[in-house]
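Residue numbers start at 1 and run along the sequence shown.
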Amino acid sequence: MAARITMKTPLVEIDGDEMTRVLWVLVKELLILPRVDLKTEYYDLGLLNRDATGDAVTVESAKAIQRLGVGVKCATITSNAGRQVEYHLKKLYPSPNATIRAILDGTVFRKPIAVSNISPSVSTWKKPIIIGRHAYGDVYKNAELAVPGPGRAEILYTGANGEEIRTLIAEFSGPGIVQGIHNLDESIRNFARACFRYALDEKLPIWFAAKDTISKIYDGRFKELFNEVYKTEFREQCDAGGISYFYTLIDDAVARVVKGEGGFLWACKNYDGDVMSDMIASASGSLAMMTSVLVSPSGAIEYEAAHGTVQQHYYRWQRGEKTSTNPTALIFAWTGALAKRGELDRIPELRAFAKGLEQAVLQTIEAGEMTGDLARLAVPAPQKALDSREFIEAIARRL
Ligand code: NAP
Ligand code: MG
């Protein structure tokens, strides 16, 4: 066996839950460890350990990414009432992704992984559509309450100097609900900067969409700051690179996306990005065929899969059945993180290994060896769908 590649700085490795936790081990064992002398700082974000540590482990993992610069994260369960019973949890904690994103701030870029034998279900799409999702604030860091009965709900801001500004939300004639959300000018500017940098690097036109006709102050501020960052910091570079910037309303953007041929970066507010990235991923083939990268303004970067823990497959696996869960997005999370570490630590072999592993995955699928989610869509259809382990072994043979 050839000598294993040596690393310098450890990667922050964030383990997760259910089927993706099962695949995590296989990917490391069969694809990475034979070739890389892997150095990681390990954080177990499995639901039971989050519960045991009062969620401190989640905060520690985000701080480790800030300290070491590069992390790779498995999918994790966001706890809810059902999970509390299933896992005997002491308490419900917020989504680990929301906690990590709130600490790192930043923008999530989601890009479909294209293969030649699977066409997007939107027939006009010729090139991938990349989502740039603002990862701070809005409904993901909201305050909300159930209004018990008649009364008045207001927004009250108390300045550091004691100044008060208030505005009426509604006069309630009976029970209802109310929600408060926020964002920060600096976080919005950093979101815009991350998107323009990405568009310049990848030589892509950039679209930004919000709903400033309805939300004149909130979405209006997003539009204003995006324009300000474009004009004051990026316009010259964009002009020189032939990169166009286009603002439109979110509903108009959706209509244009479905009629267009793709090949642009679509900058989305937090919620729009959450919803639209699942739409783009599914229409591009499978949730497992999409990469996801969180870029923080400090330069720290976290690679993950865009999908969840694939709960139903996990229950089948627990019953001893073989599952055909697609590990592609998890593998690309690892290759993204290893390549970035290789770039920062100047280890060309590590970058080459990551590139080679990605090629091996694509070639395996294009040669007709794939999991069930893709087998349903591929042309020509493969003779059979592989289970997860067979697929990973087929990739290992090509490496
Ligand atoms: P999911 O894990 O994204 O899976 C939803 C469905 O998509 C699956 O049932 C499966 O469809 C298909 N799918 C997703 N990934 C696949 C893969 N790698 N290979 C093959 N098919 C795949 O969502 P979920 O099962 O509704 O949610 C499970 C848990 O994930 C939840 O507790 C949620 O909180 C969590 N979650 C975590 C993250 C994250 O950590 N980034 C993101 C989203 C959700 P078929 O059943 O048709 O095969
Ligand atoms: Mg989502």
Side-chain angles (χ1 to χ4, degrees), residues 1-7 11 13 19-40 70 72-75 110-119 128 281 284-293 303-307 310 322-343 345 347-399:
M1 197 172 82
R4 295 200 300 168
I5 300 162
T6 311
M7 292 176 64
L11 270 183
E13 176 185 353
M19 204 58 218
T20 43
R21 189 178 179 107
V22 174
L23 295 178
W24 198 253
V25 176
L26 284 179
V27 166
K28 275 172 40 179
E29 238 173 51
L30 299 176
L31 298 176
I32 299 173
L33 289 172
R35 298 290 314 283
V36 181
D37 188 8
L38 194 60
K39 253 194 191 174
T40 73
V70 185
V72 57
K73 181 181 172 292
C74 185
R110 292 200 165 156
K111 181 178 182 181
I113 302 166
V115 283
S116 59
N117 44 347
I118 292 170
S119 324
S284 302
S286 160
L287 287 179
M289 298 300 281
M290 183 167 243
T291 60
S292 182
V293 186
Y303 296 82
E304 54 169 6
H307 60 76
V310 215
K322 288 192 167 156
T323 71
S324 186
T325 320
N326 186 346
T328 299
L330 288 176
I331 298 172
F332 274 65
W334 274 101
T335 54
L338 290 170
K340 191 72 194 175
R341 213 48 281 169
E343 180 193 322
D345 292 347
I347 313 172
E349 313 86 84
L350 195 57
R351 294 176 71 182
F353 167 75
K355 186 93 200 134
L357 177 49
E358 290 181 2
Q359 293 298 336
V361 174
L362 302 179
Q363 283 166 10
T364 302
I365 298 170
E366 289 177 349
E369 295 184 274
M370 62 190 83
T371 46
D373 53 328
L374 301 182
R376 286 195 288 271
L377 305 167
V379 179
Q383 289 180 337
K384 66 168 196 141
L386 304 184
D387 66 49
S388 301
R389 192 183 180 101
E390 289 170 335
F391 177 61
I392 294 173
E393 284 169 349
I395 297 166
R397 280 196 296 277
R398 277 191 177 74
L399 249 185

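Under the 4.5 Å side-chain criterion, counting only non-hydrogen atoms from C-beta, I395 is in contact with L357. Contact of the F332 side chain with the V293 side chain is not registered, since no non-hydrogen atoms from C-beta on lie closer than 4.5 Å. With a 4.5 Å cut-off on side-chain heavy atoms, Y303 and K340 count as touching. Side-chain contact between F353 and L399 is present, with at least one heavy-atom pair separated by less than 4.5 Å. Counting heavy atoms from C-beta outward, M7 and R341 have side chains that approach closer than 4.5 Å. Looking only at side-chain heavy atoms (C-beta outward), L338 and I32 come within less than 4.5 Å of each other. Residues I392 and L31 have side chains in contact (heavy-atom distance under 4.5 Å, counting atoms from C-beta outward).
Shown here for L386 and A394, the closest heavy-atom pair between the two residues is CD1-CB, 4.4 Å. The two residues R389 and L26 come nearest to each other via the heavy atoms NH1-CD2, 3.3 Å. When all heavy atoms of A288 and I113 are compared, the pair lying nearest together is O-CD1, 4.5 Å. Heavy-atom minimum distance, I331 versus V27: CG1-CG2, 3.9 Å. Summarising the geometry of I365 relative to N117, their closest heavy-atom pair is O-ND2, 2.9 Å, with the distance given to 0.1 Å. In plain terms, the two heavy atoms of M19 and V310 that are nearest each other are CB-O, 3.6 Å.
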Side-chain polar contacts of residues 372-384 - donor-acceptor pairs under 3.5 angstrom, sequence neighbours left out - could you list them?
{"unit_1": "D373", "atom_1": "OD1", "unit_2": "T371", "atom_2": "OG1", "d": "2.6"}
{"unit_1": "D373", "atom_1": "OD2", "unit_2": "S286", "atom_2": "OG", "d": "2.8"}
{"unit_1": "D373", "atom_1": "OD2", "unit_2": "N326", "atom_2": "ND2", "d": "3.0"}

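Salt-bridge formation is detected for the pair R110/E304: a Lys NZ or Arg NE/NH1/NH2 atom is positioned less than 4.0 Å from an Asp or Glu carboxylate oxygen. Under a 4.0 Å N-O distance rule, the pair K28/E13 qualifies as a salt bridge.
The backbone N or O of T325 lies less than 3.5 Å from a partner atom in the side chain of S388, making a donor-acceptor pair. A donor-acceptor contact shorter than 3.5 Å is absent between the side chain of S292 and the backbone of A305. Panel note: side chain E358, backbone K355; no donor-acceptor pair is recorded below 3.5 Å. Under the 3.5 Å distance criterion, the side-chain polar atoms of R4 are matched with a main-chain donor or acceptor of L33.
R351 CZ to T335 OG1: the interatomic distance, rounded to the nearest 0.5 Å, is 13.0 Å.
Between T364 and E369, the side chains place no donor N or O within less than 3.5 Å of an acceptor N or O (distance only, hydrogens not considered).
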Handout entry: Worked verdict on K111 versus M290 for side-chain contact (heavy atoms from CB on, under 4.5 Å)
Key = CA-CA 5 Å; K111 181 178 182 181; M290 183 167 243; 5.8 Å; no
